[in-house]
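Everything below concerns the one structure shown next.
Here is how names work: the chains are called A, B, and so on, in the same order as the sequence lines, proteins then strands, and each is numbered from 1. Note that the coordinates shown come from a computational prediction; the quantities given were computed from them, not determined experimentally.
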There are 2 protein chains.
Amino acid sequence: MKNNMKISSAVIKRLPRYRRYLMELQKKNVDRISSNELSSLIGYTASQIRQDLNNFGGFGQQGYGYNINSLYKEISAILGLDQEYGMVIVGTGNLGQAIANYTHYYKSGFKVCAMFDVNPKLIGLRINDIEVLDYEDLDEYLKNNQTDIGIVCTNMSSAQEVVDKLCNGGVEGIWNFAPTDLIVKDGVALEDVHLSDSLHSLAYYINRNRQNQD
Amino acid sequence: MKNNMKISSAVIKRLPRYRRYLMELQKKNVDRISSNELSSLIGYTASQIRQDLNNFGGFGQQGYGYNINSLYKEISAILGLDQEYGMVIVGTGNLGQAIANYTHYYKSGFKVCAMFDVNPKLIGLRINDIEVLDYEDLDEYLKNNQTDIGIVCTNMSSAQEVVDKLCNGGVEGIWNFAPTDLIVKDGVALEDVHLSDSLHSLAYYINRNRQNQD
DNA sequence: GCATATTGAAAAATAATGTTATAATAAAGA
DNA sequence: TCTTTATTATAACATTATTTTTCAATATGC
């Protein structure tokens, strides 16, 4: 990274998006792109793109633009996607299973190593070749298996207890799908996916559009 | 609403969260709360809470605070959650099934009326009592069944085509889970849930924390 | 009726984004 | 080789968006 200044979360949220577009360009065998071309593709202004990237280093070349392969690699490295992550999923309902399948399908450095549930009907099953273990054994598992990310797919009422266990077990990040706000140990990253909040925002905009038509 | 001024999306994104906390307070039979108490609960500053709510009207009373039941109802109405929404899911893989189950479980005004897929093995199945129909018949279905929201759970390459069909079929909102950016018809609301982007941001923060420890 | 609590609303402060200007440099063409 | 053009990096500035501060107004509760 270029310097120690804190990068705003607005920038960080844009990085995965840059990366997605660069991946597409790679697939099309494009090998260079200017901030202007990227701008018309992604929709951010060219200067914002240049400024965003400049937070991390001067990846472009004057008169040339950005080399797609190397910029892709740089952004991947900034995001930490050049590394492997061991994950566990707690809560093996439909959503948990879907996430297991999702990360399985989008092969990458993120690997679900185990799943946990309290439901005896699920314990012992294999989903995408991942065993569903008894939630009782989560502490023990974390003690013996270094785990980077805990994925919370439980209901609201169990979520905080699960997160406490995960944090104490040494995970570095929580990916939370439970519809509640969680407290994590200092130094643990938290990323929420609040599906109901998302759906409710959508409802707001639908209604606003309806009202504008009157 | 108080006036015609456009409300910023930052405010809209907070509304579902206010509503969640108010729901919890209702369950605990609390009947009033001040912006200060709400603040220490939710984590936003008291003045932000007051200002957010004031965008839509003066729901509080000086010297008293906010009545929880009525504020809950107000926010629900602002979000359009006092209404019913008919939805279809396109793409009946694990994620599509999980979403179907999710909205089924969190009973509310959002009802999945049909699911669509191209996979003959899935067509004809019933998931949570919702029939999986042939994607070929989507246009026909939309013509005959007024549908408010289209949920896109396909892969990246099919997503835009699906969205075009949904928009032409008259949906008012798209809830997109495909890992790509979509173009919607004017007047149609779009809400993205980019799971991979979310996971990648998490990876960034995990790595930043790691580096800070050195 | 008075002290206190609390909102609503305006103003001020801060943060984020967008624009402009310029020097440096690579690419492309004469 | 030299010149022109394209384009980034960087800084300064402008604008817009968001958050915080401040304080008058008003309801509550003793």
Determine whether A:Val162 and A:Phe116 satisfy the following criterion, side-chain contact (heavy atoms from CB on, under 4.5 Å), listing intermediate values before the conclusion. CA-CA 10 Å; A:Val162 169; A:Phe116 293 87; over 6 Å; no

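With B:Thr147 contributing its side chain and B:Asn145 its backbone, the two residues share a donor-acceptor pair below 3.5 Å. For the pair A:Asp148 (side chain) and A:Gly86 (backbone), a donor-acceptor distance under 3.5 Å is present.
Residue pairs that meet the ring pair (Phe, Tyr, Trp, His ring centres under 6.0 Å) test with at least one member in residues 9-45 of chain A, sequence neighbours left out, are A:Tyr18-A:Tyr44. Legend: ring pair (Phe, Tyr, Trp, His ring centres under 6.0 Å) pairs involving residues 162-198 of chain B, not counting sequence neighbours, sorted by first then second residue: B:Trp175-B:Phe177.
A donor and an acceptor atom, one from each side chain of A:Ser158 and A:Asn155, are located under 3.5 Å apart. Side-chain polar atoms of A:Asn209 and B:Glu172 form no donor-acceptor pair below 3.5 angstrom.
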Determine, for nucleotides 19-24 of chain C in 5'-to-3' order, which nucleotides have protein heavy atoms under 4.0 Å from the base (write B), from only the sugar-phosphate (write S), or from neither (write -). B----B

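Applying the ring pair (Phe, Tyr, Trp, His ring centres under 6.0 Å) test to A:Tyr85 and every residue at least two apart in sequence or in another chain returns A:Phe110.
Nearest-nucleotide assignment on DNA chain C puts the 5′-proximal partner with A:Ala10, out of A:Tyr64 and A:Ala10.
Residue A:Asn55 contributes atom CG, which lies 12 Å from atom C1' of D:dA9 at whole-angstrom precision. Note: CG (A:Leu53) to P (D:dT10) measures 12 Å, nearest angstrom. Going from atom CG of B:Asp52 over to atom C1' of D:dT20 covers 12 Å, rounded to whole Å. For the pair B:Asn67 CG and D:dT28 C1', the computed distance is 15 Å after rounding to whole Å. The distance between atom CD1 of A:Ile49 and atom C1' of D:dA9, rounded to the nearest whole Å, is 15 Å. Atom CG of A:Asn54 and atom C1' of C:dT17 are 15 Å apart (whole Å). Rounding to whole angstrom units, CZ of residue B:Arg14 and C1' of D:dT18 are separated by 8 Å. Rounded to an integer number of Å, the gap from CG of B:Leu38 to P of C:dT6 is 12 Å.
Looking only at side-chain heavy atoms (C-beta outward), A:Thr180 and B:Glu24 stay at 4.5 Å or farther from each other.
Within residues 28-37 of chain A, the residues having any heavy atom under 4.0 Å from DNA chain D are, by residue number, A:Ser34, A:Ser35.
Considering B:Asp197, B:Asp192, B:Asp181 as possible partners of A:Arg17, the one that fulfils the salt bridge (Lys or Arg N to Asp or Glu O under 4.0 Å) test is B:Asp181. Under the side chain to side chain contact (heavy atoms under 4.5 Å, CB included) test applied with B:Tyr66, the options B:Arg50, B:Glu37, B:Glu74 reduce to a single match, B:Arg50.
Seen from the ring of A:Tyr135, A:Lys165 counts as a face-on cation partner, given the 6.0 Å and 45° thresholds.
The B:Gln61 side chain lies nearest to D:dA27 when the options are D:dA9, C:dA9, D:dA27.
A close approach under 4.0 Å does not occur between any side-chain nitrogen or oxygen of A:Tyr66 and OP1 or OP2 of C:dA26.
Each end of the helix from C:dG1-D:dC30 to C:dA30-D:dT1 gets its own axis, taken as the rotation carrying the C1' atoms of four end pairs onto the next four within a five-pair window, and the two axes meet at 20° to the nearest 10 degrees.
Here A:Phe59 lies in heavy-atom contact (under 4.0 Å) with sugar-phosphate atoms only.
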